Amino acid sequence: IVEAILKDDPGNAEALVSLAGLRLTQRDTDAAIADLREALGQDPNMVRAHVLLAQAQLQNGAVELAKASLVDALKLDPRNEEAGVQLAGLLMREQRFDRVLEILQPLGVGPSPSRRAQALELQARLALKDWSAAEELAGRVGEQANNPQYKPYVAALALQAQGKHEEAIAAFREVLAAQPALTG
């Protein structure tokens, strides 16, 4: 179908993005990048094209280019979960935790916040030793997931991160005791 559309309209940006997505699954990265650049030349506001371009650039090992493409996507749509989570993940590897929190902020608000964004935010808060914010977030996530043991689990992680190993072990034991199905 995509080929038929492109035969009639070679510059159809939507069809080029679809073709690029197919090429990415086949690891034809260079062709995908060419298609995405052409699509963005037709319509520079296509968030999906920027996100796919970032994925192609990552496949090629061009991390900085991928980050720039994700930033472009987020400029167009700050609440784009895929772009935000991908960029935050890349920045987590660089330990740029404050920037991670900034990127994830729009994804963690509203009636249905992104669970992937919340998980990354929690990791960043623990890395920053922001224990109270991590605990508050863990409470919200636990409520949303209907898992009352999530907050105590994160509290145990925080104790572990603080080097309070004996207290952490005791806290992990309490979490496991409260969920006997986990222990077998």
Side-chain angles (χ1 to χ4, degrees), residues 13-14 16-30 32-33 35-37 39-40 43-147 149-151 153-158 160-161:
E14 291 288 337
L16 287 166
V17 170
S18 295
L19 180 60
L22 293 170
R23 289 185 184 196
L24 279 176
T25 62
Q26 298 168 347
R27 297 290 226 198
D28 190 358
T29 309
D30 292 334
I33 289 172
D35 292 336
L36 291 164
R37 285 187 176 147
L40 287 167
D43 183 357
N45 295 322
M46 292 184 72
V47 174
R48 178 92 177 116
H50 288 287
V51 172
L52 284 176
L53 183 57
Q55 290 173 357
Q57 291 161 330
L58 284 173
Q59 282 184 10
N60 272 354
V63 176
E64 292 305 314
L65 290 175
K67 287 191 308 192
S69 292
L70 293 169
V71 166
D72 289 342
L74 290 171
K75 284 179 185 173
L76 296 168
D77 180 7
R79 291 189 49 89
N80 184 281
E81 179 178 4
E82 194 62 35
V85 167
Q86 281 188 38
L87 183 56
L90 292 172
L91 294 171
M92 285 290 291
R93 293 182 201 159
E94 297 172 0
Q95 299 183 355
R96 294 181 55 198
F97 305 120
D98 287 331
R99 181 76 173 116
V100 168
L101 295 176
E102 181 183 320
I103 289 164
L104 295 176
Q105 194 281 326
L107 301 176
V109 297
S112 58
S114 164
R115 288 201 182 169
R116 295 186 311 163
Q118 288 177 322
L120 282 168
E121 179 184 349
L122 187 56
Q123 290 174 26
R125 297 233 179 254
L126 289 171
L128 288 168
K129 299 178 173 139
D130 188 354
W131 314 123
S132 62
E135 186 177 345
E136 179 196 333
L137 177 60
R140 288 194 322 258
V141 170
E143 287 174 21
Q144 292 163 359
N146 197 26
N147 182 351
Q149 291 308 309
Y150 192 74
K151 186 174 181 178
Y153 170 74
V154 170
L157 286 175
Q160 182 182 19

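Just so it is clear, the structure is predicted and the values come from calculations on it, not from any experiment.
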Answer yes or no: is there a side-chain heavy-atom contact under 4.5 Å between Gln118 and Leu122?
no

Counting C-beta onward and ignoring hydrogens, is there a side-chain heavy-atom pair between His50 and Val47 closer than 4.5 Å?
no

Using distance only, find each side-chain donor-acceptor pair of residues 132-143 under 3.5 Å and give its atom names and separation, not counting sequence neighbours.
from	atom 1	to	atom 2	distance (Å)
Glu136	OE2	Arg140	NH1	2.8

Would you check if Leu36 and Val17 make a side-chain contact, meaning some heavy-atom pair closer than 4.5 Å?
yes

Could you tell me the separation between the CG atom of Leu53 and the CG atom of Leu24, rounded to the nearest 0.5 Å?
9.0 Å

Could you state the interatomic distance from OG1 (Thr25) to CD (Gln55), rounded to the nearest 0.5 Å?
11.0 Å

Take atom CZ in Phe97; do more than 12 heavy atoms of anything else shown fall under 6.0 Å from it?
yes

Listed by chain and number, what are the salt bridge (charged side-chain N to carboxylate O under 4.0 Å, His left out) partners of Glu94, not counting sequence neighbours?
Lys67, Arg96

Quick check: closest heavy atoms across Leu76 and Pro44, and the distance to 0.1 Å?
CD1-O, 3.7 Å

CG of Leu87 to CG of Asp72: how many Å apart, nearest 0.5 Å?
10.5 Å

Is the shortest side-chain N to carboxylate O distance from Arg115 to Glu81 below 4.0 Å?
no

Looking only at heavy atoms, what is the nearest atom pair of Ala83 and Leu70, with distance?
CA-CD2, 3.8 Å

Are Glu14 and Met46 packed together at the side-chain level, in the sense that at least one heavy-atom pair is separated by less than 4.5 angstrom?
yes

Exercise: identify the closest heavy-atom pair between Leu58 and Ala66:
CG-CB, 3.6 Å

Interatomic distance, CG@Asp77 vs CZ@Arg48, rounded to 0.5 Å, equals 13.0 Å

Tightest non-hydrogen contact, residues Leu101 and Glu121, listed as CD2-CG, 3.5 Å

How many angstroms lie between CG in Asp28 and CG in Leu22, if you round to the nearest 0.5 Å?
11.0 Å

Check against side-chain hydrogen bond (donor to acceptor under 3.5 Å, both in side chains), Glu82 and Gln86:
CA-CA 6 Å; Glu82 194 62 35; Gln86 281 188 38; 2.9 Å; yes

Side chain to side chain contact (heavy atoms under 4.5 Å, CB included) between Asp30 and Asn60, intermediate numbers included
CA-CA 8 Å; Asp30 292 334; Asn60 272 354; 3.4 Å; yes

Quick one: CG on Asp98 to CD1 on Ile103, what's the gap to the nearest 0.5 Å?
11.0 Å

Can you give me the closest heavy-atom contact between Ala117 and Leu104, atom names plus distance?
O-CD1, 3.5 Å

Set of salt bridge (charged side-chain N to carboxylate O under 4.0 Å, His left out) partners for Asp130, sequence neighbours left out:
Arg125

Give the minimum heavy-atom separation between Pro78 and Leu107, together with the two atoms involved.
O-CD2, 4.2 Å

